[in-house]
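Throughout, a chain's letter reflects where its sequence line sits, starting with A, and its residues are numbered from 1. Remember, predicted model here, so these are calculated numbers, not experimental data.
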There are 2 protein chains.
Amino acid sequence: MLMGMAGRPRSFDRDVALGAALEQFWRSGYERTSLAMLTSAMGVTPPSLYAAFGDKHRLFEEASALYFARTCEAVDRAAALPSAHEAIARMLDDTAHAHTDAATPAGCLMLTEPRLEAQREVLYAKIKDRLDKAVRDGDLAPAASTDHLAAFLVAVMRGMSGRARDGGTLEELLAIAETAIHALPRAGG
Amino acid sequence: MLMGMAGRPRSFDRDVALGAALEQFWRSGYERTSLAMLTSAMGVTPPSLYAAFGDKHRLFEEASALYFARTCEAVDRAAALPSAHEAIARMLDDTAHAHTDAATPAGCLMLTEPRLEAQREVLYAKIKDRLDKAVRDGDLAPAASTDHLAAFLVAVMRGMSGRARDGGTLEELLAIAETAIHALPRAGG
DNA sequence: ACCAAACAGTATCGATCACTACAGAATGAG
DNA sequence: CTCATTCTGTAGTGATCGATACTGTTTGGT
């Protein structure tokens, strides 16, 4: 009695449905994505969606958290590179490629969606931490203001995301990235 | 007979109402701005709004054109400065101030609203033209790719606008602008 | 077999969206 | 004045929004 588990099993894969929701939010943003679009993309009826994910807002939070986790993986991989210049260059290169990948919607969900400011704050902190480490390593001039540099880099990534949404190509985004690299202080300077 | 002008005169100032609509669109964006918000901000009832401006989309086009004209004035003033570095520095400085002006909504309507890509294209062209002129003047290295630089600068401005929407301060945006300046090729290089 | 539990699908909820029909009020022309 | 014309405000249009009540259906436990 009162054993929690019982009843008809779910007829869809929750992770697959979440991925479909993520892609829809990514493509159209939170506000422009209606429940009809979500249920169509996920192959799920509204009551099933609400039973599995709560409401639209919680579904978005779960989907954006998934996106954020993937992004953080790439950022952390880049940050692990030996020099700050390599790390930053890799991050910007990743950004250009990810934002123009034909297999996914253009641009970056985290950088485009207004309500994901907390995620952007974490991205900023990751970049600043990597720059601070570079200063400690003697890899970056001690006088470099890592907070200003990190804010600049997040702004550039954001600009790249916006340009990708406007139809910017990979080459165009790579050119922006390469130009931004020149704003970094020279090694040992 | 059939003289066009007659009837009850409009009870509100069309330009003032348009300015109020612009501010509302600027603050909330096109999609999030409802007609109820517009009529409330403009002090006008829906039928008057439709008689004076057409529909929501045309009202937005007129309001964003007004915003665009004002922005172009500032950009052109900056472009008239003697050196490219001065011109670009002024544009970025203007951007930082305009995006954080307490008297207006944070950020830039033109750089934030997805559907205003055509305006961004014009901004890009203005910056590129100024850089091309600098190359002709010997003010910028002849090898400098002005299209890449212009795309970079628009991306930075866009990032500044986004950061302003997230609550970024004037000082923070000025720091981004100053960092971006360092990406410009050195004079005569 | 039988029942409680959890799911699926239809059909719909009230709220809000952009938008407008209608009727009264205010003007200029004759 | 009278009348056509244009504006204003109320009130409400169909459509769509996010979210659910309800009715079966499918499962596991006994």
**OP:** Not counting sequence neighbours, which residues clear side chain to side chain donor-acceptor pair (under 3.5 Å) with R14(A)? List them please.
**Re:** E62(A)
Give every donor-acceptor pair under 3.5 Å between a side-chain atom in residues 146-156 of chain A and any protein atom, sequence neighbours left out.
unit_1  : atom_1 : unit_2  : atom_2 : d
T146(A) : OG1    : D132(A) : OD1    : 2.6
H148(A) : ND1    : S145(A) : OG     : 3.3

**OP:** Taking side chain to side chain contact (heavy atoms under 4.5 Å, CB included) as the test, write out the residues that go with S34(A), two or more places apart.
**Re:** A36(A), M37(A)
Side-chain atoms of residues 166-174 of chain B: list all donor-acceptor pairs with protein atoms under 3.5 Å, sequence neighbours left out, distances to 0.1 Å.
unit_1  : atom_1 : unit_2  : atom_2 : d
D166(B) : OD1    : R120(A) : NH2    : 3.1
D166(B) : OD2    : R120(A) : NE     : 2.7
D166(B) : OD2    : R120(A) : NH2    : 3.2
D166(B) : OD2    : R158(A) : NH1    : 3.0
D166(B) : OD2    : R158(A) : NH2    : 3.2
T169(B) : OG1    : E172(B) : N      : 3.2
E172(B) : OE2    : R163(B) : NE     : 2.6
E172(B) : OE2    : R163(B) : NH2    : 3.3

Original post:
Expressed in angstrom and rounded to an integer, what is the separation of F12(A) atom CZ from dA8(C) atom P?
Top reply: 5 Å
Original post:
What ring pair (Phe, Tyr, Trp, His ring centres under 6.0 Å) pairs are there with at least one residue in residues 18-50 of chain A, not counting sequence neighbours?
Top reply: F25(A)-Y30(A), F25(A)-F60(A), W26(A)-Y67(A), Y30(A)-F60(A)
Original post:
For nucleotides 12-24 of chain D, read 5' to 3', which letter fits each nucleotide if B means a protein heavy atom sits under 4.0 Å from the base, S means only the sugar-phosphate is that close, and - means neither?
Top reply: -----SBBBB--B
Subject >> Sorted by number, the residues of residues 16-29 of chain A with heavy-atom contact under 4.0 Å to DNA chain C >> reply: none
**OP:** Nearest whole angstrom, please: distance from the C1' of dA8(C) to the CZ of F53(A).
**Re:** 15 Å
**OP:** Indicate whether OP1 or OP2 belonging to dA8(C) is found under 4.0 Å from a side-chain N or O atom of S48(A).
**Re:** yes
**OP:** Look at S11(B) and dT8(D) and indicate whether a side-chain polar atom (N or O) is within less than 4.0 Å of OP1 or OP2.
**Re:** yes
**OP:** May I have all residue pairs that pass side-chain hydrogen bond (donor to acceptor under 3.5 Å, both in side chains) and include part of residues 69-79 of chain A, sequence neighbours excluded?
**Re:** D76(A)-K126(A)
Original post:
Are the side chains of T45(A) and S48(A) in touch, meaning some heavy atoms are under 4.5 Å apart?
Top reply: yes
**OP:** Could you tell me the separation between the CG atom of D13(B) and the P atom of dC7(D), rounded to a whole number of Å?
**Re:** 15 Å
**OP:** Could you pull out all residues at least two apart from D93(A) that satisfy side chain to side chain donor-acceptor pair (under 3.5 Å)?
**Re:** H97(A)
Original post:
Rounded to the nearest Å, what distance is computed from the CG atom of residue L38(B) to the P atom of nucleotide dT16(C)?
Top reply: 17 Å
